[in-house]
Undergrad: 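Handing you this structure, nothing more for now.
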Amino acid sequence: MALPLPDSLLAALEEAEREHPEACMVLRAVRSNSGSILDFEWLWANPAAARALGRVPEFLPGRRLGEVSSKDGIAGRMDLLRQVVESGRLHADHFTEGDILMQGTAVPLRRDGVLLRLRDITSSQRVEEGLRETLDWVRDVLESMPDVFFTVDTDWRITYVNRNAAALTGRTPETLFRRVLWDACPELCGTPFERALREVAAEESYRLFELRTGRDRWHDVHVWSSGRNISTYARDITDKKRVQAERDALLARERSGRLEAEALAQRRTHELMAARERLVQSEKLAMAGQLAAGVGHEINNPLSYVTGNLQFAVEQLTPLARRPDAGPGAQGALNEALEALREAREGAERIRVIVRDLQTFARADELRLGPVDVHAALEFGVSMAMTHLRSRAQVERSYGQVPPALAHEARLGQVFLHLLINAAHAIPSGDFERHRVTLTTRREGAWVLVEVSDTGMGMTPEVLQRAFEPFFTTRPVGEGSGLGLSICLGLVRSMHGELTATSIPGLGSTFQVRLPIAERPVHPGVPAVRAEEGASRKRVLVVDDEPQLTSVLRRILGRQHDVVVAHSGREALTLLEQDDAFDRIFCDLMMADLTGMDVHAELARRRPQLLSRFVFMTGGSFTDRARAFLQAVPLPRIEKPFEPGVLHALVESSPPRTG
């Protein structure tokens with residue numbers, strides 16, 4: 001049998017390792033009579049080792065490996081421990097103890113002893129795996145993109161090069177990696193590209209420029225400094241340059257002819273460029289419209305019962321907060337709760353406005369046009385924008401004698417409101433006397449022209465060129481979505497008009513709206529919201545497959561009227577067969593069981609006298625069938641989320657029951 005290890009050694013280890021966060025233990029080989037190692041037993045372990053094994057330190061001394069650890073843990077390392085004792089050399093490896101990945105280091109001690117130190121590397125291993133996966137993902141992205149990308153360090157050694165960058169040089173990535181850029185690609189020396197890279201390295205800045213990379217090949221290049229690396233990204237613009245070159249060659253040939261041919265060529269070029277810009281703008285508006293059509297409906301349904309319940313909660317709590325018998329503490333708590341609900345309601349309203357603006361991309365063809373007084377729409381915009389204009393500029397009017405324009409009154413007011421707010425933001429505050437916002441109207445042939453001019457900062461040609469792009473904005477992050485002008489453009493075009501802009505940096509901008517003169521009557525819409533004293537109690541049916549939405553409609557209308565709910569189109573038809581004494585029926589247009597259109601078709605066959613009481617509710621996403629239905633059926637509709645006042649007005653204006 002082996003002699004025990006000296007107590008002094010164990011005492012020294014206990015003193016040194018007692019508070020150490022890493023597990024440390026001493027094992028001793030247990031030999032047979034013939035001297036072969038049968039097992040190992042614990043002589044000592046610090047608290048961290050005991051915790052790693054799920055034991056207390058007093059339990060371990062004298063225990064065998066198999067009594068404490070599983071074969072997947074330390075007990076499974078028996079052969080390794082024998083090798084350490086018999087060879088007298090330390091050994092390190094990894095193993096699993098339970099769900100923990102351990103790094104173990106075994107050091108031989110005299111008299112068959114082994115000092116075993118364990119370190120939990122589970123977290124670090126996961127971090128390394130995550131980092132490797134991230135790096136692999138980044139590498140896959142850089143290798144799969146069709147553009148050029150490479151990086152160099154401060155010694156100009158290539159630290160990464162994707163396959164397209166290597167192919168551009170005619171070399172392989174392996175022959176370029178870790179080589180000095182100027183040695184690997186001597187053809188770059190003395191070129192504008194070298195000068196740009198060295199300027200970026202010296203200034204720690206960035207450069208954007210076009211670079212000719214071959215006899216008939218061009219790239220848009222972006223070079224920037226990022227810590228210890230300089231990164232280069234380049235996109236092939238050969239086709240773009242070829243188109244430009246062909247256009248320039250065509251213009252050159254035409255200019256060599258007669259002056260009339262030159263003027264014709266210039267006119268065609270301008271038409272071509274304008275058509276291209278319109279095509280690009282239409283594609284962007286179509287993309288935004290597809291996004292709005294898909295997302296708007298999903299947002300509007302839950303937003304309807306969120307805003308409705310918030311309004312209901314505010315109306316219910318407000319009288320309680322004003323009660324004289326409520327104590328100061330209760331009043332304070334109620335007032336604070338009311339303030340929180342009002343802030344939440346304002347946030348929901350902001351969401352509603354954003355969704356509504358997005359949806360205008362998708363539903364421009366749904367606008368019902370009619371004669372609109374552009375002066376009234378302008379005055380509406382001025383009144384709504386006055387909080388923005390009051391401290392910045394005086395509003396001047398130069399109205400001409402103009403006929404009604406063919407437009408949509410609410411949408412036109414929205415356009416003018418945004419243009420006026422835009423003008424206010426372009427004018428610095430604090431100099432009210434010097435600045436002006438001028439509103440001008442006049443007639444030009446078959447068109448009504450409206451101009452909104454300001455004396456603000458103006459726009460550079462580059463900004464003016466992109467002013468109507470969706471999501472383009474020059475304001476700081478969080479102060480503008482970049483949708484305003486593109487929405488206005490879509491609205492004006494949906495009214496068969498045009499919106500254009502001119503600007504001079506430092507002097508101001510002018511936005512011009514051109515609308516056709518009205519030639520057809522306006523169609524009636526939803527009745528205006530009005531307050532009525534002592535209105536009679538009426539019966540209302542709500543048909544919607546969203547339980548939360550029917551619940552909030554019951555809360556909003558249930559205090560003044562009797563509200564019955566049907567959670568599907570089929571349930572509504574069954575109910576109306578038994579009881580049709582309803583003054584107003586609110587029906588969702590798009591439901592999973594039977595749609596509102598199916599309900600309308602069935603009632604048109606069975607009980608057509610009920611149809612005049614219908615109001616359809618929409619979430620903003622329409623199929624082709626739904627669009628055709630809404631255009632063909634002259635019934636009112638409201639869009640989610642809706643205002644409580646509109647609901648009450650529709651109930652109060654319900655037609656008398658017949659039959």
Side-chain angles (χ1 to χ4, degrees), residues 1-139 227:
M1 297 294 290
L3 295 175
L5 292 171
D7 291 339
S8 60
L9 174 60
L10 296 178
L13 282 171
E14 184 175 2
E15 179 66 25
E17 300 288 340
R18 182 185 300 114
E19 302 300 330
H20 202 286
E22 293 183 357
C24 182
M25 61 192 74
V26 176
L27 305 173
R28 181 180 62 192
V30 178
R31 295 181 180 273
S32 66
N33 293 332
S34 62
S36 61
I37 298 176
L38 299 176
D39 205 340
F40 284 84
E41 67 176 0
W42 269 274
L43 294 181
W44 169 85
N46 70 350
R51 286 194 300 272
L53 296 170
R55 308 288 183 177
V56 296
E58 296 78 12
F59 176 81
L60 294 176
R63 301 282 180 178
R64 301 288 178 91
L65 282 181
E67 296 179 64
V68 178
S69 175
S70 66
K71 290 184 179 181
D72 293 331
I74 301 175
R77 322 305 292 169
M78 186 78 72
D79 291 339
L80 184 146
L81 295 173
R82 286 195 190 99
Q83 181 182 349
V84 170
V85 171
E86 292 172 353
S87 66
R89 294 192 297 271
L90 67 85
H91 186 86
D93 70 340
H94 301 86
F95 65 94
T96 302
E97 183 70 42
D99 295 330
I100 301 175
L101 181 62
M102 294 286 191
Q103 182 184 59
T105 304
V107 180
L109 301 175
R110 59 179 181 160
R111 301 179 182 177
D112 284 352
V114 178
L115 173 66
L116 183 59
R117 185 178 293 280
L118 304 178
R119 186 162 65 92
D120 184 347
I121 61 171
T122 307
S123 298
S124 61
Q125 187 73 13
R126 289 173 180 167
V127 171
E128 290 178 6
E129 290 175 358
L131 181 59
R132 282 195 298 271
E133 291 176 358
T134 300
L135 291 175
D136 290 343
W137 178 82
V138 171
R139 187 178 296 106

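Hydrogens, waters and symmetry mates play no part in the numbers below; they use all other heavy atoms, side chains included.
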Undergrad: Could you walk me through whether Val85 and Arg31 pass the side chain to side chain contact (heavy atoms under 4.5 Å, CB included) check?
TA: CA-CA 12 Å; Val85 171; Arg31 295 181 180 273; 3.8 Å; yes
Undergrad: How long is the straight-line distance from CZ of Arg63 back to CG of Leu27, given to the nearest 0.5 Å?
TA: 14.5 Å
Undergrad: Kindly give the heavy-atom pair with the smallest separation between Leu109 and Val26, and that separation in Å.
TA: CD1-CG1, 4.1 Å
Undergrad: Nearest 0.5 Å, what's the CG-CG distance between Leu43 and Leu115?
TA: 11.0 Å
Undergrad: Could you check whether any side-chain N or O of Asp112 sits under 3.5 Å from a backbone N or O of Phe40, counting only pairs where one atom can act as donor and the other as acceptor?
TA: no
Undergrad: Compare every heavy atom of Ala23 with every heavy atom of Ala49, then report the nearest pair and how far apart it is.
TA: CA-CB, 3.3 Å
Undergrad: For His20 and Ala48, work out which heavy atoms get closest and say how close.
TA: O-CB, 3.6 Å
Undergrad: Mark yes or no for whether Ser87, through its side chain, and Gln83, through its backbone, hold a donor-acceptor pair below 3.5 Å.
TA: yes
Undergrad: Where the side chain of Arg82 meets the backbone of Ile37, is there a donor-acceptor pair that is under 3.5 Å apart?
TA: yes
Undergrad: Minimum heavy-atom separation for Ala106 to Leu80, with atom names?
TA: CB-CD2, 4.4 Å
Undergrad: Given His91 and Arg77, is the side chain to side chain contact (heavy atoms under 4.5 Å, CB included) satisfied, shown in steps?
TA: CA-CA 11 Å; His91 186 86; Arg77 322 305 292 169; 6.0 Å; no
Undergrad: If every non-hydrogen atom of Arg117 is compared with every non-hydrogen atom of Glu22, which pair is closest and at what distance?
TA: CD-OE1, 3.5 Å
Undergrad: For the residue pair Arg64 and Trp42, what are the closest heavy atoms and their distance?
TA: O-CZ3, 3.5 Å
Undergrad: Hey, mind stepping through Leu65 and Leu81 against side chain to side chain contact (heavy atoms under 4.5 Å, CB included) and telling me if it holds?
TA: CA-CA 11 Å; Leu65 282 181; Leu81 295 173; 3.8 Å; yes
Undergrad: Find out whether Leu116 and Cys24 are in side-chain contact, i.e. whether some heavy atom of one side chain is under 4.5 Å from a heavy atom of the other.
TA: no
